[in-house]
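Here's the structure, in C-alpha cells; my notes come after.
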Number of protein chains: 4
Amino acid sequence: METAPTTRSRLLAAAAKILSEKGYSSTRLTDIAEQAGLRTPAVYYYFASREALIAEVMKVGQLRLREHVESALAALPERKTPMDRICTAVQAHLQVELQLSDFATAVTRNIGQLPQAIQERLRNDGIAYIALWRGLLEDAREAREIRPDVDLRAARMLVMGALNWMPEWWDERQGSITETVSTAQSIVRHGLSTLPVRE
Amino acid sequence: METAPTTRSRLLAAAAKILSEKGYSSTRLTDIAEQAGLRTPAVYYYFASREALIAEVMKVGQLRLREHVESALAALPERKTPMDRICTAVQAHLQVELQLSDFATAVTRNIGQLPQAIQERLRNDGIAYIALWRGLLEDAREAREIRPDVDLRAARMLVMGALNWMPEWWDERQGSITETVSTAQSIVRHGLSTLPVRE
Amino acid sequence: METAPTTRSRLLAAAAKILSEKGYSSTRLTDIAEQAGLRTPAVYYYFASREALIAEVMKVGQLRLREHVESALAALPERKTPMDRICTAVQAHLQVELQLSDFATAVTRNIGQLPQAIQERLRNDGIAYIALWRGLLEDAREAREIRPDVDLRAARMLVMGALNWMPEWWDERQGSITETVSTAQSIVRHGLSTLPVRE
Amino acid sequence: METAPTTRSRLLAAAAKILSEKGYSSTRLTDIAEQAGLRTPAVYYYFASREALIAEVMKVGQLRLREHVESALAALPERKTPMDRICTAVQAHLQVELQLSDFATAVTRNIGQLPQAIQERLRNDGIAYIALWRGLLEDAREAREIRPDVDLRAARMLVMGALNWMPEWWDERQGSITETVSTAQSIVRHGLSTLPVRE
DNA sequence: TATGAATGAGTTTTCATTCAT
DNA sequence: GATGAATGAAAACTCATTCAT
C-alpha cells in the first residue's frame with residue numbers, strides 16, 4: 001500500500017513538472033502551487049524560498065538520475081564488457097529522463113541556466129554523475145573498446161548531450177521509446193567502438 | 001528610405017548575445033539595450049515588441065545556421081559520399097554554433113523554451129533545417145552507408161542533440177574546437193555507418 | 001475557573017520584550033510566540049488578535065509605570081517638598097523604564113506610533129499618568145519652587161521626554177543607572193527651581 | 001525664483017513626511033508615492049530600493065539638523081558664553097525639528113529603530129552631531145558654567161532626549177513654539193548652570 | 001532617432017489569521 | 001490547550017511598454 005504523498009512532496013513533484021516543461025526562469029510559484037492544489041503562500045510553509053524549492057528539485061533529480069543509472073549498471077552480470085555497460089547507461093539515462101521522472105528532466109533541461117547559487121549546491125552531485133560516465137568511458141578505453149581517435153572528454157559531452165537533448169524533441173506519440181533507446185545504443189556503440197562491432 | 005541599419009543590427013546582435021547566454025526568459029530588454037549602447041525604449045523604435053525582436057533573432061539564427069551548413073555542403077566536391085556530407089554538416093553546425101554566431105547559439109539553446117507564438121513564426125525555417133538533415137541521412141541510407149538497425153528519425157534527433165548541447169558545456173579554454181569537431185565527426189560516422197568504415 | 005495564568009502572562013511578557021526592542025510595526029507574532037516558547041496560533045487562544053495583545057501590553061505598561069511612580073511618591077515622608085517629589089518621580093520613572101519592566105519600556109518607546117485604535121484604549125491611563133506629572137509640577141509651582149518663566153506644559157513635555165528617550169541610548173554597560181538618575185534629578189531640580197537650590 | 005522641485009526631491013520630501021509621521025516600519029512605498037503624486041514603481045526610477053530612499057532621507061535629515069544648528073552657532077557673536085551657545089543649539093534643534101524639516105523629524109523619530117544597514121550609513125553623521133553637542137557641553141564645563149555634579153554624558157542624553165521627544169507631543173495648535181523654546185532654554189540653562197544664573 | 005519619465009501587470013515574499021485536530 | 005497546515009491581504013520589487021519631447 002502506498003502512502004498518500006505528502007503536501008511537501010506534492011509541491012516538489014509539481015515544481016519538477018513545471019520546471020521540466022517551462023524552464024527555470026518561466027517557472028512561477030503560482031503555477032507550482034496550483035499544480036499542487038494549493039495557494040502560492042503555502043509554498044513557504046515547506047520551503048524557504050523559490051530558490052530553495054527549485055534547488056531541492058534539482059538535487060532530487062540529480063540523485064534520481066544517478067541512482068537509476070547506477071542501479072541499472074549494478075544489475076548487470078559481471079561478464080558484460082565496458083561497452084555493454086555504456087549501452088546500459090544510455091538506456092537507463094533515457095528511460096529516467098523520458099519516462100520516469102520529471103525531476104531528472106528538470107535537471108537536464110535546466111542545468112545550464114540555473115543561477116550561480118543553485119549551481120554550486122548541485123556541484124558535487126553533478127560532478128559525481130559526470131564522473132560515473134567518465135569512468136564508463138575510461139574503462140572501455142582501457143579494454144580497447146573505444147577507438148584511439150576518440151577524445152574521451154568530447155565523446156562524453158557528445159553522448160550525454162545527445163541524451164540530454166532528447167526531452168526537447170521526443171514525443172511519445174511519435175515513436176516508441178524502445179526503438180529510440182535501441183537506436184541510441186547502436187549509435188553510441190558503433191560511434192565509439194573499434195571495428196568490427198559484434199552484435 | 002530604410003532606417004539606419006547599424007543600430008537595428010546592433011540591437012539584433014546584442015539580443016543574440018544575451019539570448020545565447022541567459023536564455024529566453026532571463027533575457028531583459030534592458031540588458032539588450034545596454035549591450036547595444038542604448039536605452040531600453042530605443043528598442044521600440046526598431047522592433048514592435050520584445051517578442052518581435054527575439055523572434056527576429058531566432059529567424060536570423062535559424063537562417064544563418066542553415067546557410068552556413070548549406071554553403072559548406074555546396075562547397076564539397078561532387079564525388080563526396082553522403083556520409084562525407086554528413087560529417088561536413090557536423091563540422092559546419094558546430095563551427096557556426098560555437099564560433100561564428102551568437103544568433104545560431106541563441107537558436108539552439110532556446111528553441112525548446114520559446115512561447116508558442118514565436119515557435120510558430122520559426123516553424124518553416126526550423127522545418128527547413130531539419131529537412132536538410134533528414135535529406136542528408138536519407139541519402140546516406142539510400143547509399144547504404146547507414147546501418148539498417150538505425151532509425152533515421154531517432155538518429156537525426158540524437159546527432160543534432162549532441163551538437164546542440166555543445167554550447168552548454170564547451171569551453172574554448174578546455175580544448176581546441178578542431179579536436180572536438182573531429183571526435184564528433186568520427187562518432188557520427190562510425191555511429192551510423194555500415195562496417196567497415198574507410199577513413 | 002480561569003485559564004492558566006502562566007502561559008498568558010508569558011505571552012504578555014514576551015510581547016513586552018519584543019515591543020520594547022523592535023517597536024510596534026516590527027513586532028511579529030511569530031517572534032512573540034517563539035520568545036514565549038509557543039507556536040504562533042497559540043497566541044489566539046489567549047488574545048483575540050495581535051492588536052489586542054499589544055494593547056494589553058501597553059495597558060499593563062502604562063499601569064505599571066504609574067503605579068511604580070505612585071508607590072514611590074506614597075512612600076515619601078509628608079515633609080518632602082513638591083520638588084523633592086518630582087525628583088522621586090524622575091528616579092522611579094527611570095528605574096521602571098530602564099531596569100524593572102519591559103512593559104514600561106514598551107509604552108514609552110511605542111506610544112507615539114501606535115494605531116489610533118490602541119491609542120484610544122490607552123487614552124485614560126495615559127491621561128492619568130500625565131495628570132500625575134501635571135499635579136507634581138502644579139504643586140511645585142504653587143509652592144513657588146518653579147520659576148515663573150517656566151511654562152508648565154512645556155516643562156512637563158521636556159522632562160518626560162528626557163526620561164522617555166533614555167531607553168534609546170542608555171546602555172547599562174556604559175554607566176551606572178544611579179549616576180544617570182542623579183544627574184537627571186539634578187538637572188530637573190535646577191532646571192525648574194527658583195534660585196538658589198539648596199542641596 | 002524657485003526652481004520647481006524635481007520628482008526625485010518630491011519623493012524624498014514625501015518619504016520624509018511619511019517617515020516622520022508613521023515611523024520606519026509603517027512607512028509604505030505606496031504612501032510615499034501617493035504623497036508625491038506617483039505610482040509605486042516610479043520610486044524605483046529614482047532609488048534603488050525602499051532602503052536606499054529611506055537612507056537618503058535620513059542622511060539629508062541628519063545633515064540638515066547639524067547644518068542648521070551649526071549655522072545658528074556660527075551666527076553668534078564671539079562674546080557669547082558656552083552656555084549661551086548651548087541655548088542657541090537648543091533653539092535651533094527644536095526649530096528645525098518642529099518647524100523646518102520633516103527630514104530632521106524623520107531622523108529623530110526613527111534613528112533608534114532603523115535596520116543595521118542604514119544605521120551604519122548614518123554612523124558618521126550621527127557621531128558628528130553628537131560630537132557637536134559634546135563639544136558644547138565640554139566648553140561649558142571648562143568655563144565652569146556646568147555644575148560639577150552633572151555627568152556630561154548623561155546630561156547630553158537627557159537634553160537631546162528632551163528635544164528629540166518633542167515631535168511626539170508637540171502640537172502647534174496647543175502653544176507657540178517660541179514659548180516652548182524659551183522654556184526649554186531656561187530649563188537647560190538652569191538645569192546645568194552653576195548658580196546663580198544671570199538672565 | 002532616441003530618451004527621460006512613468007506605469008500596469010505580475011512575481012516573490014511576509015504575516016496575521018483561521019481551523020481541524 | 002496547542003499546533004500543523006493553509007490562506008488572504010498586502011508589501012517590495014521587476015519589467016515590458018508607452019509617450020511626450
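Just so it is clear: chains get the letters A, B, ... in the order the sequence lines come, proteins before strands, and each one is counted from 1.
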Pairwise distance [atom1]([X]) to [atom2]([Y]) - rounded to 0.5 angstrom:
X        : Y       : atom1 : atom2 : answer
D/Arg28  : D/Lys22 : CZ    : NZ    : 7.5 Å
C/Asp125 : C/Met58 : CG    : CE    : 12.5 Å
D/Lys59  : D/Leu12 : NZ    : CG    : 13.0 Å

Please confirm whether [X] makes a cation-pi placement over [Y], using NZ or CZ under 6.0 Å from the six-membered ring centre and within 45° of the ring normal.
X       : Y        : answer
B/Arg64 : B/Phe103 : yes
B/Arg39 : B/Tyr44  : no
C/Arg66 : C/Tyr129 : no

Q | Residue whose nearest DNA chain F nucleotide is more 5′ - C/Ala42 or A/Tyr46 | A |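 Its nearest nucleotide lies further toward 5', so the answer is C/Ala42.
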In whole Å, I'd like the distance from the [atom1] atom of [X] to the [atom2] atom of [N].
X       : N      : atom1 : atom2 : result
A/Glu34 : E/dT11 : CD    : C1'   : 15 Å
D/Tyr45 : E/dA6  : OH    : P     : 8 Å
D/Ile32 : F/dA11 : CD1   : C1'   : 12 Å
D/Arg39 : F/dA12 : CZ    : P     : 16 Å

Q.
Consider side-chain contact (heavy atoms from CB on, under 4.5 Å). Of A/Ile32, A/Val43, A/Thr7, which one does A/Leu38 pass it with?
A.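 Filter result, single survivor: A/Thr7.
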Q: Go through residues 11-19 of chain D and report each residue with a non-hydrogen atom lying under 4.0 Å from DNA chain E, sorted by number.
A: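 Per residue number, the list is empty: none.
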Q. Is the number of heavy atoms from other residues, nucleotides or ligands within 6.0 Å of CD (D/Glu120) greater than 12?
A.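 Enclosed.
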(Q) Heavy atoms only, 4.0 Å cut-off, all strands: where does C/Phe47 land among base, sugar-phosphate and nothing? (A)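 Nothing, no nucleic acid heavy atom in range.
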Q: Whenever both distances are under 3.5 Å in a Watson-Crick or G-U wobble pair, mark it; put DNA chain E into dot-bracket that way, with [ ] for crossing pairs and | when the partner is on another strand.
A: .||||||||||||||||||||
Q: Assign each of B/Val43 and D/Val43 to its nearest nucleotide of DNA chain E by heavy atoms, then name whichever residue's nucleotide is nearer the 5' end.
A: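 Its nucleotide being nearer the 5' end, the pick is B/Val43.
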**Q.** Letter per nucleotide, 5' to 3', of nucleotides 14-21 of chain F [B base touched, S only sugar-phosphate touched, - untouched; heavy atoms, 4.0 Å]
**A.** BBSBBB--
Q: For residues D/Pro167 and D/Glu97, determine if any side-chain heavy atom of one lies less than 4.5 Å from a side-chain heavy atom of the other.
A: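 Sidechains of D/Glu97 and D/Pro167: in contact.
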Q) Does C/Gln35 reach the main-chain N or O of C/Lys17 with its side chain, forming a donor-acceptor pair under 3.5 Å? A)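 A pair under 3.5 Å: no.
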(Q) When you measure from the side chain of B/Ser9 to the backbone of B/Thr6, do you find a donor-acceptor pair of N or O atoms at a distance under 3.5 Å? (A)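 Pair found, side chain donor or acceptor close to backbone of B/Thr6.
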Q: Taking only the side-chain heavy atoms of C/Thr7 (C-beta and beyond), determine which of F/dA6, E/dA5, F/dA2 contains the nearest atom.
A: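 Selected nucleotide (nearest to the side chain): F/dA2.
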